[in-house]
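Single-structure report; data block below.
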There are 2 protein chains.
Amino acid sequence: MQIATWNVNSIRTRLDIVTNWLQQNPVDVLCIQESKATDEQFPIAAIAACGYHAYISGQKSYNGVAMFGKQPLTDVSIGFGGVLSPELVGDLDEQKRVIAGTLDGVRIVNLYVPNGNTIDSDKYVYKLRWLELLGEYLKTIIASGQQSICVCGDFNIALEDIDIHSKTVSLDRVMATSAERDLLRKSVLDLGFQDSFRKFTTTGGHFSWWDYRQQGFERNRGWRIDHLYLTPDLFDRAISCSIDIEPRKLVQPSDHAPVIVEL
Amino acid sequence: MQIATWNVNSIRTRLDIVTNWLQQNPVDVLCIQESKATDEQFPIAAIAACGYHAYISGQKSYNGVAMFGKQPLTDVSIGFGGVLSPELVGDLDEQKRVIAGTLDGVRIVNLYVPNGNTIDSDKYVYKLRWLELLGEYLKTIIASGQQSICVCGDFNIALEDIDIHSKTVSLDRVMATSAERDLLRKSVLDLGFQDSFRKFTTTGGHFSWWDYRQQGFERNRGWRIDHLYLTPDLFDRAISCSIDIEPRKLVQPSDHAPVIVEL
DNA sequence: GTTCATCTGG
DNA sequence: CCAGATGAAC
């Protein structure tokens with residue numbers, strides 16, 4: 001089974017790139033983030049036309065997540081509220097950042113972790129609160145008896161220093177702060193999840209996002225912030241995990257590249 | 001000698017369409033309106049690359065006129081102020097709507113007449129004031145001894161009813177009011193200029209502008225508002241005058257088609 | 001309907 | 001640097 005995650009930065013703008021990629025890379029499930037489309041605007045028909053069932057959670061302009069399955073997904077659940085009580089969720093489902101579905105006994109959780117803007121901003125506080133709740137969300141899924149889980153998406157966090165192009169990048173910059181890394185460890189890794197990419201590649205210099213600005217991609221000034229985390233059974237099963245930088249080379253690309261795990 | 005006029009509705013957005021057209025239609029002079037670019041933003045290099053000298057008068061966002069010459073133009077003059085005193089011009093050069101240059105003894109005046117919005121608006125008053133001053137401008141050029149003059153551009157006026165797709169179009173709509181038509185006659189035709197298009201075509205159903213909305217072009221709901229007016233000597237010399245609707249059929253076209261006169 | 005400026009967000 | 005929303009202009 002192949003599962004991919006890709007922040008497409010607008011599904012409408014990137015529709016051709018995404019459908020072409022799916023034709024070349026017929027993964028079983030593609031998890032996308034930043035669809036930037038309401039459910040009405042989402043090009044379901046075009047996704048269906050290339051052989052995928054689409055499950056979407058959109059909002060106007062910002063955020064938005066979706067899952068495309070070659071086979072139907074079951075038990076599709078939207079938001080933290082699909083699992084947690086409204087009291088616990090509070091305002092953290094207002095932005096559409098969470099969708100989950102099951103294929104062949106594998107629970108796939110697709111996340112668009114808040115960016116956080118700058119560490120002195122409200123958005124950074126929101127990101128930390130969101131990551132805290134993510135832990136509760138995943139614990140609840142595990143507690144429900146679900147064994148095989150893939151938690152993937154755009155985490156907007158570089159877990160380790162080698163996931164950043166340069167050691168000179170300030171470590172109190174968003175996506176690199178210890179507060180974010182510690183919360184990612186506490187909310188995901190400490191529950192038993194492992195980073196599938198690191199089963200196969202232990203070196204640095206592998207990135208999934210490059211800033212549009214200052215020719216970040218051409219200069220390979222990237223960050224590895226798109227991850228696929230697996231429960232131990234799936235981590236053992238994993239055959240490969242790789243980043244496909246080809247779509248990042250196209251004209252009008254997303255700033256992110258897709259990451260694919262094969263189980 | 002071939003002279004063309006074309007409201008391109010943003011030279012930057014239409015750059016490929018315009019340069020392709022120039023390659024197919026190597027007119028001696030192309031007069032454009034609504035360049036919608038400052039002089040800094042104007043793609044002079046791309047125009048030079050297809051063999052044309054560019055003379056520009058731009059402003060930010062709106063209006064803007066330019067002339068492209070296969071040979072250099074001489075005595076290039078910008079605005080009414082190139083000919084009239086500042087006291088006479090007043091505020092009517094704030095918007096960049098006038099540029100002129102000479103080729104082979106022919107004075108070519110390129111105009112972007114104000115649209116006028118609605119007849120109850122300040123913009124309509126501005127349009128009438130502007131047309132009034134245009135008369136003074138042309139009289140001064142004639143008085144200077146210039147004999148052969150081509151006054152062309154987007155006039156935003158349908159001179160006759162047959163220049164509008166439908167007789168049911170209200171004649172108190174901007175571009176069709178008798179106030180505008182009378183001023184156009186007084187400021188241009190009464191000075192001896194003649195509409196070159198009408199030397200060759202006396203029937204209706206020939207248009208140079210179609211509204212983007214309601215599939216105006218597909219339904220041929222057009223207006224002939226882009227004109228080339230000639231002094232008697234040039235009118236006699238004129239061999240042809242035609243509207244090229246081909247570029248209006250392309251994707252992302254200007255809402256105007258080029259009009260070409262051959263002398 | 002289309003373009004442009006400005007704004008927000010990344 | 002890129003994307004979407006909004007508002008103005010045509």
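Order of the sequence lines fixes the chain letters, A, B, ..., with proteins taken first and strands second; residue numbering starts at 1 for each chain.
Results of the side chain to side chain donor-acceptor pair (under 3.5 Å) test with A:Y112 over A:Q95, A:E34, A:Q33 single out A:E34 as the only residue that passes.
With sequence neighbours excluded, the residues that form a ring-ring contact (aromatic ring centres under 6.0 Å, His included) with B:Y229 are B:F155, B:H227.
Applying a 4.0 Å cut-off to non-hydrogen atoms, the residues of residues 13-25 of chain A that approach DNA chain D are A:T13, A:R14, listed by residue number.
Distance alone, capped at 3.5 Å, is enough to place a donor-acceptor pair between the A:Q59 side chain and the A:K96 backbone. Judged purely by atom type and a 3.5 angstrom limit, B:S196 uses its side chain to pair as donor or acceptor with the backbone of B:L228. Side chain of B:D39 to backbone of B:G58: a donor-acceptor contact under 3.5 angstrom is found. Side-chain atoms of B:D163 come within 3.5 Å of backbone atoms of B:E160 as a donor-acceptor pair (strictly under, hydrogens ignored).
Atom P of nucleotide C:dT2 and atom CG of B:L250 are separated by 13 Å, given to the nearest angstrom. Note: NZ (A:K127) to P (C:dG10) measures 10 Å, nearest angstrom. A:Q33 has its CD atom 16 Å from the C1' atom of D:dA3, to the nearest Å. Atom CH2 in A:W209 sits about 11 Å away from atom C1' in D:dC1, given to the nearest Å. Between B:R219 atom CZ and C:dG1 atom P the separation is 11 Å, expressed in whole Å. Rounded to an integer number of Å, the gap from CD of B:Q59 to P of C:dC4 is 14 Å. One can place CG of A:D211 at 12 Å from C1' of C:dG9, the figure rounded to the nearest angstrom.
With DNA chain D read from its 5' end, the first of the two nearest nucleotides for A:Q214 and A:R12 is the one closest to A:Q214.
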List every contact pair, protein side and nucleotides 7-10 of chain D side both N or O, where the distance is under 3.5 Å.
none

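Dashed line: the shortest gap from a side-chain N or O of B:K60 to OP1 or OP2 of C:dT6 is under 4.0 Å. In this structure, B:S10 reaches the C:dC4 phosphate: one of its side-chain N or O atoms is under 4.0 Å from OP1 or OP2. Residue A:Q252 has a polar side-chain atom (N or O) positioned under 4.0 Å from OP1 or OP2 of D:dA3.
Between the side chains of B:Y55 and B:N110, no donor-acceptor pair of N or O atoms lies under 3.5 Å.
Annotation: side chain of A:V174 is not in contact with side chain of A:T118 (no heavy-atom distance under 4.5 Å).
A salt bridge links A:D195 with A:R224: at least one charged nitrogen is closer than 4.0 Å to a carboxylate oxygen.
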